[in-house]
Amino acid sequence: MRRPLPDRYLTPLDLADLLGVPVETVYQWRRKDTGPRGFRVGRHLRYDPEDVRAWVATLMDKEAA
């Protein structure tokens with residue numbers, strides 16, 4: 001990823017903005033278990049920036065193969 005990631009956990013809206021996709025896509029990835037690993041804090045969904053970076057790296061590796 002070329003853009004620097006924040007030093008805080010990401011919300012679904014943050015993730016959608018970072019990747020340039022609709023926020024509903026982020027929720028679909030969650031339901032289908034195809035997106036970056038997320039976790040709940042109470043009722044709030046959050047993503048660790050390092051998990052997002054690793055997920056994007058695996059996508060890029062699959063494209064290169």
Side-chain angles (χ1 to χ4, degrees):
M1 296 183 75
R2 305 272 184 241
R3 272 174 81 176
L5 291 171
D7 291 334
R8 61 178 174 77
Y9 293 119
L10 304 171
T11 67
L13 189 58
D14 293 333
L15 184 59
D17 182 56
L18 181 70
L19 297 175
V21 299
V23 71
E24 183 56 36
T25 300
V26 173
Y27 286 113
Q28 286 177 12
W29 289 337
R30 174 89 173 159
R31 284 190 296 274
K32 295 177 181 178
D33 198 28
T34 59
R37 185 173 60 165
F39 62 96
R40 292 226 172 251
V41 178
R43 61 182 232 199
H44 304 283
L45 182 58
R46 295 293 182 260
Y47 295 90
D48 186 320
E50 290 305 315
D51 289 340
V52 172
R53 183 184 312 278
W55 177 73
V56 169
T58 62
L59 293 177
M60 293 173 76
D61 290 345
K62 286 179 187 176
E63 281 293 313

Might you confirm whether atom CG of D33 has over 12 heavy atoms from other residues, nucleotides or ligands at distances under 6.0 Å?
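Atom CG in D33 is not crowded, with 12 or fewer foreign heavy atoms closer than 6.0 Å.
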When rounded to the nearest 0.5 angstrom, what is the spacing between CH2 in W55 and CG in D48?
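Between W55 CH2 and D48 CG, I get 14.5 Å after rounding to 0.5 Å.
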Enter the distance from L10:CG to D51:CG here, rounded to the nearest 0.5 Å.
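Reported to 0.5 Å precision, the distance equals 10.0 Å.
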With a 3.5 Å distance limit and no angle check, can you tell me whether D14 reaches the backbone of T11 through a side-chain donor-acceptor pair?
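Between the backbone of T11 and the side chain of D14 there is a qualifying donor-acceptor contact (under 3.5 Å).
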Could you tell me whether a side-chain N or O of R30 sits under 3.5 Å from a main-chain N or O of G38, the two making a donor and an acceptor?
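Checking the backbone N and O of G38 against the side chain of R30, a donor-acceptor pair under 3.5 Å is found.
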Applying a strict under-4.5 Å side-chain criterion to I, L, V, M, F, W and Y, I'd like to know whether [X] and [Y] cluster together.
| X | Y | result |
| --- | --- | --- |
| Y9 | L13 | no |
| V41 | L15 | no |
| L18 | F39 | no |
| L45 | W29 | yes |

A side-chain contact here means heavy atoms from C-beta on lying under 4.5 Å apart; do V56 and L19 qualify?
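Yes - at least one pair of side-chain heavy atoms lies under 4.5 Å apart.
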So does E24 pair up with R31, basic N to acidic O under 4.0 Å?
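Looking at E24 and R31, the cut-off is met.
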